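Just so you know, ligand 1 is whichever comes first in the structure, and atom 1 is the first atom listed for that ligand. Just so you know, these numbers come straight off a predicted model, no measurement behind them.
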Amino acid sequence: MGIKFNFRYPGSPSGLYALKNVSFTIAPSSMVVIVGQNGSGKSSLANLLTGLTKPFSGDILIDGIKSSFFRREDLTRTIASLTQDHRILPLTVAENISLGDLDHVHSMGRVWEAAELGGASGFISKFPDKLDHSLAVLRTQFTNGDLSEGPLADFAEEFMRYTDISGGERQRLAASRTFMRLLSPRTKLVVVDEPSAAIDPIGEHELFERLRERRRDRTMVFISHRFGHLTKYADQILCMKDGQLVEAGTHAELMALEGEYRRLYDVQAKAFTDDIPPTSDDS
Ligand SMILES: Nc1ncnc2c1ncn2[C@@H]1O[C@H](COP(=O)(O)OP(=O)(O)OP(=O)(O)O)[C@@H](O)[C@H]1O
């Protein structure tokens, strides 16, 4: 995959690019980790890779062919993504997971495997009707308004009764949906954008490990602020700063550069060692 583009969000002042002259190549079946501070452009880059947004100028080349030459739905079928912006629909747990691969909606064995891989099987097991349990969406997911008064009040009260999973559980369900897609041999690119907002560090680490173990010949792109455990496996690290790709290479190469990546890594490592209470040997 070859990438060379500029990107600006619709409505942003002309000249204000979220991504500026970003250019890199992702080798097939490789593992890529994108790092950078808040607002450096990681998610914008991920959205371009998954086709959610289009470059303002420049191209994404897939096997040397411009991505715009492919049918959008054909490309979408080959991509599994996991972001913070996931939707849980008012369907059963099984249906919410199988949305990841509509060809296997009725394959309960596969749905359960995806639930286990996504870390959702624990809380699903607690439902009396397990995978058949019906879920509803949070009010804020379908309206920004307050439904406690007005013509929809009764409906809202009834609807809210079924909202029985937490933010972290929703994230695990979304991860299960991604695994459902990943279990399909059609999936060639997996993009995981910072699922950590609702998942604790151990949950995120385990999730990344399970994704990595199922990489096979897929290209995987990870974005995480807690990247220390990921970058050592990466074939390529892309380090973003202010919308630009400032460094690209392996962990060893970027550490040796002593630049932005090293700075981010050292801050993270320091936070980790600062968290460890001193042992009797240290005193
Ligand atoms: N929908 C949007 N409309 C306009 N500008 C946006 C939009 N989303 C992001 N931006 C801007 O684009 C730039 C890059 O944002 P992006 O979300 O890609 O960064 P990020 O590295 O993923 O940040 P974070 O680590 O905080 O998630 C920022 O300046 C941000 O304010």
Side-chain angles (χ1 to χ4, degrees), residues 1 3-24 26 31-60 67 72 79-87 140-142 144 167-168 170-171 174-175 178 189-201 203-205 207-208 211 219-231 234 236-249 251 254 257 259-272:
M1 193 179 225
I3 284 132
K4 188 171 188 175
F5 49 56
N6 287 299
F7 174 72
R8 110 175 125 78
Y9 284 96
S12 296
S14 61
L16 189 63
Y17 288 98
L19 296 170
K20 286 162 281 194
N21 299 322
V22 174
S23 175
F24 58 91
I26 297 181
M31 176 176 155
V32 177
V33 182
I34 306 176
V35 304
Q37 281 188 315
N38 291 128
S40 56
K42 303 180 298 296
S43 296
S44 304
L45 196 49
N47 291 341
L48 282 151
L49 292 177
T50 55
L52 205 63
T53 50
K54 290 193 184 339
F56 178 74
S57 63
D59 283 307
I60 296 178
S67 62
R72 187 65 252 153
I79 300 171
S81 70
L82 177 61
T83 67
Q84 286 173 40
D85 184 24
H86 49 264
R87 294 278 181 269
T140 49
Q141 279 186 269
F142 61 91
N144 290 326
R170 273 200 294 282
Q171 183 68 50
T178 305
L189 172 66
V190 183
V191 179
V192 183
D193 183 3
E194 191 97 61
S196 48
I199 287 192
D200 55 72
E204 184 190 83
H205 179 67
L207 173 67
F208 283 151
L211 284 162
T219 303
M220 281 201 172
V221 179
F222 290 98
I223 296 175
S224 174
H225 284 286
R226 298 187 284 233
F227 56 78
H229 54 281
L230 272 177
T231 45
Q236 184 173 214
I237 301 161
L238 302 173
C239 182
M240 303 294 298
K241 189 177 183 185
D242 300 330
Q244 287 179 302
L245 177 60
V246 287
E247 292 163 19
H251 173 75
L254 298 196
L257 277 183
E260 178 70 0
Y261 175 77
R262 171 129 210 179
R263 196 179 66 77
L264 294 170
Y265 186 88
D266 286 348
V267 167
Q268 204 179 89
K270 183 170 182 314
F272 178 70

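Of all atoms in ligand 1, listed by their number and element, those nearer than 4.0 Å to a heavy atom of S40 are 19 (O), 20 (P), 21 (O). Ligand-side atoms of ligand 1 in range of Q37: 21 (O), range being under 4.0 angstrom from any heavy atom. Distances below 4.0 Å separate heavy atoms of H225 from the following atoms of ligand 1: 25 (O). Taking every heavy atom of K42 and a limit of under 4.0 angstrom, the matching atoms of ligand 1 come to 18 (O), 19 (O), 20 (P), 21 (O), 22 (O), 23 (O), 24 (P), 25 (O).
Scanning the protein for heavy atoms near atom 9 (C) of ligand 1, the closest one is Y9 CE1, 3.3 Å. Ranking protein heavy atoms by distance to atom 26 (O) of ligand 1, first place goes to N38 ND2, 2.9 Å.
Atom 28 (C) of ligand 1 has its nearest heavy-atom neighbour, among S43, G39, G243, in G39. Taking all heavy atoms of S44, G41, A46 into account, the minimum distance to atom 19 (O) of ligand 1 is reached by G41.
M31 CE to M220 CE: the interatomic distance, rounded to the nearest 0.5 Å, is 8.5 Å. Distance check: L16 CG to R8 CZ gives 8.5 Å after rounding to the nearest 0.5 Å. Rounding to the nearest 0.5 Å places CD of Q37 at 4.5 Å from CZ of R263.
Using cut-offs of 30° and 60° on the angle between ring planes, the pair F222 and F208 is perpendicular.
Side-chain atoms of Q268 come within 3.5 Å of backbone N or O of H225 as a donor-acceptor pair. Under the 3.5 Å distance criterion, the side-chain polar atoms of E260 are left unmatched by any main-chain donor or acceptor of C239.
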Anything under 3.5 Å between a donor and an acceptor, one on a side chain of residues 44-55, the other on a protein residue two or more places apart or in another chain? List them.
| residue | atom | partner | partner atom | Å |
| --- | --- | --- | --- | --- |
| S44 | OG | Y9 | OH | 2.6 |
| N47 | ND2 | S43 | O | 3.4 |
| T50 | OG1 | A46 | O | 3.2 |
| T50 | OG1 | N47 | O | 3.3 |

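Within a 4.0 Å radius of atom 31 (O) of ligand 1, the protein has no heavy atom. Counting only heavy atoms, the protein gets under 4.0 Å from atom 14 (C) of ligand 1.
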